[in-house]
Novice: 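Following this message is one structure expressed as structure tokens.
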Amino acid sequence: MSLTITNLSKTYPNGTQALRGVNLTIPTGMFGLLGPNGAGKSSLMRTIATLQDADTGSIMLDNIDVLRDKEAVRRVLGYLPQEFGVYPKVSAEELLDHFATLKGIASGRERKEMVAALLHQTNLYDVRKKHVGGYSGGMKQRFGIAQALLGNPRLIIVDEPTAGLDPAERNRFHNLLSEIGENIIVILSTHIVSDVSDLCRQMAIINKGEVLLTGDPLRVMEALRGRVWKKLIEKVELPALQASERVISSRLFAGKTVVHVLADSAPDSGFEVVSPDLEDVYFSEISGR
Ligand code: ADP
């Protein structure tokens with residue numbers, strides 16, 4: 001199974017060009033779509049989820065034409081949107097049962113079994129009688145996954161799932177995602193680099209509506225080996241360094257500034273070569289254009 005996106009473009013009525021000729025092939029397993037806010041991730045996710053139309057291009061899920069045969073996509077799709085909207089004063093158990101009915105699962109017994117299994121899987125069984133509106137951020141996200149998994153979807157889209165979660169909740173959420181399985185397509189859209197490096201075997205970086213890079217995170221990191229240099233500098237030195245070198249990131253560490261520079265050889269003797277991580281890949285793509 002694979003999802004093939006060809007030459008997809010979208011301009012909103014106000015003139016914002018959110019997608020510019022996007023080409024992507026997404027295989028089974030966890031796929032990370034990484035990009036800063038405003039990159040076009042949600043526009044792409046909503047289009048794949050049949051919630052909005054593109055201006056040009058095509059999306060094929062095996063032989064389903066996603067932009068035309070929306071009903072067929074919806075039968076195999078699980079979607080966790082960025083904003084889940086209002087949480088009604090209904091228990092998780094009742095709400096899941098309701099969503100299962102909407103998914104066309106008519107048998108009450110089948111729904112009951114499925115809902116109980118998903119509540120266990122997402123570790124919400126003990127709080128199944130509580131109103132979803134009163135859940136913590138992490139619990140809401142796990143509930144979101146439970147509803148996305150209803151009806152055994154073959155394609156799951158999760159949009160910015162860990163934004164706003166504390167580290168423990170995020171960890172639980174990562175574990176849950178990683179258990180979903182290798183046999184379906186899971187697209188994880190995020191601006192958090194470690195979400196992708198922790199979970200995804202394939203990834204793409206998108207910015208300003210364009211795909212800048214695709215591949216296996218380990219390979220794309222390896223491709224930068226020997227070209228990422230680190231130095232501890234004073235903050236006042238940064239502008240001069242930025243003018244002379246390709247600074248891909250700078251962050252504070254113990255009151256000093258740690259810079260990473262992309263260069264074929266050491267810019268000066270104060271630099272040491274570092275093992276590239278996915279942040280280096282990400283910032284070198286985002287900053288260089
Ligand atoms: P991301 O999910 O990566 O943050 P979005 O797809 O939400 O990116 O947004 C891409 C661009 O499209 C942004 O400039 C955003 O302001 C704009 N945009 C998103 N939705 C709309 C809309 N409904 N109408 C107009 N502009 C939009």
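When a residue number appears, it is its place in the shown sequence, counting from 1. Indexing begins at 1, ligand by ligand and atom by atom, following the structure's order.
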Novice: Numbering the atoms of ligand 1 from 1, which are under 4.0 Å from a heavy atom of Lys41?
Specialist: 1 (P), 2 (O), 3 (O), 4 (O), 6 (O), 8 (O)
Novice: Looking only at heavy atoms, which two atoms of His260 and Val274 are closest? And how far apart?
Specialist: CE1-CG2, 4.1 Å
Novice: Between Lys10 and ligand 1, which part of the residue brings a heavy atom under 4.0 Å of the ligand: side chain, backbone, both or neither?
Specialist: neither
Novice: How far is atom 6 (O) of ligand 1 from the closest protein heavy atom, and which atom is that?
Specialist: Ser43 OG, 2.6 Å
Novice: Any atom of ligand 1 sitting under 4.0 Å from a heavy atom of Gly35?
Specialist: no
Novice: Would you say the side chain of Leu33 lies within less than 4.5 Å of the side chain of Val196, judging by non-hydrogen atoms?
Specialist: no
Novice: Under 3.5 Å, N or O to N or O, is Ala18 touching ligand 1 that way?
Specialist: no
Novice: Going by heavy-atom distance to atom 12 (O) of ligand 1, choose the closest among Leu33, Thr11, Asp159, Thr16.
Specialist: Thr16
Novice: Among all protein heavy atoms, pick the one closest to atom 7 (O) of ligand 1 and tell me residue, atom and distance.
Specialist: Ser42 CB, 3.7 Å
Novice: Check whether Gln147 reaches the backbone of Tyr79 with its side chain - one donor and one acceptor, N or O, closer than 3.5 Å.
Specialist: yes
Novice: Work out whether the distance between some heavy atom of Gly209 and some atom of ligand 1 is less than 4.0 Å.
Specialist: no
Novice: Which residue supplies the protein heavy atom nearest to atom 8 (O) of ligand 1, what is that atom called, and how far is it?
Specialist: Gly40 N, 3.0 Å
Novice: Going by the order shown, which atoms of ligand 1 are within less than 4.0 Å of some heavy atom of Ala39?
Specialist: 1 (P), 3 (O), 8 (O)
Novice: Check this for me: does any side-chain nitrogen of one of Glu222 and Arg219 sit under 4.0 Å from a carboxylate oxygen of the other?
Specialist: no
Novice: Consider every N or O of Asn37 and every N or O of ligand 1, then say whether any pair is closer than 3.5 Å.
Specialist: no
Novice: How far is atom 13 (C) of ligand 1 from its nearest protein heavy atom, and which residue and atom name does that atom have?
Specialist: Gly38 O, 3.9 Å
Novice: Ligand 1 versus Pro36, non-hydrogen atoms closer than 4.0 Å: side chain, backbone, both, neither?
Specialist: backbone
Novice: Would you confirm whether any non-hydrogen atom of the protein falls under 4.0 Å from atom 16 (O) of ligand 1?
Specialist: no
Novice: Between Asp216 and Arg201, does at least one N-O distance fall below 4.0 Å, as a salt bridge requires?
Specialist: no
Novice: Cut-off 3.5 Å, side chains only: do Ser136 and Glu169 have a donor facing an acceptor?
Specialist: yes
Novice: Does ligand 1 have an atom under 4.0 Å from some heavy atom of Glu160?
Specialist: no
Novice: Got a protein heavy atom sitting under 4.0 Å from atom 21 (C) of ligand 1?
Specialist: yes
Novice: So which protein heavy atom does atom 18 (N) of ligand 1 come closest to, and at what separation?
Specialist: Tyr12 CE1, 3.4 Å
Novice: So, Asp53 and Lys70, do they make that salt bridge, N to O below 4.0 Å?
Specialist: yes
Novice: Are Lys130 and Ser91 side-chain neighbours, meaning at least one heavy-atom pair lies under 4.5 Å?
Specialist: no
Novice: Working to the nearest 0.5 angstrom, can you tell me the gap between Ile206 CD1 and Ile286 CD1?
Specialist: 9.5 Å
Novice: For Arg46, counting its heavy atoms only, list the atoms of ligand 1 lying under 4.0 Å from any of them.
Specialist: 20 (N)
Novice: Would you please test Arg46 and Asp159 for salt bridge (Lys or Arg N to Asp or Glu O under 4.0 Å) and show each step?
Specialist: CA-CA 9 Å; Arg46 288 196 302 263; Asp159 201 355; 5.7 Å; no
Novice: Using a 3.5 Å distance criterion without hydrogens, assess whether the side chain of Arg142 forms a donor-acceptor pair with backbone atoms of Leu124.
Specialist: no
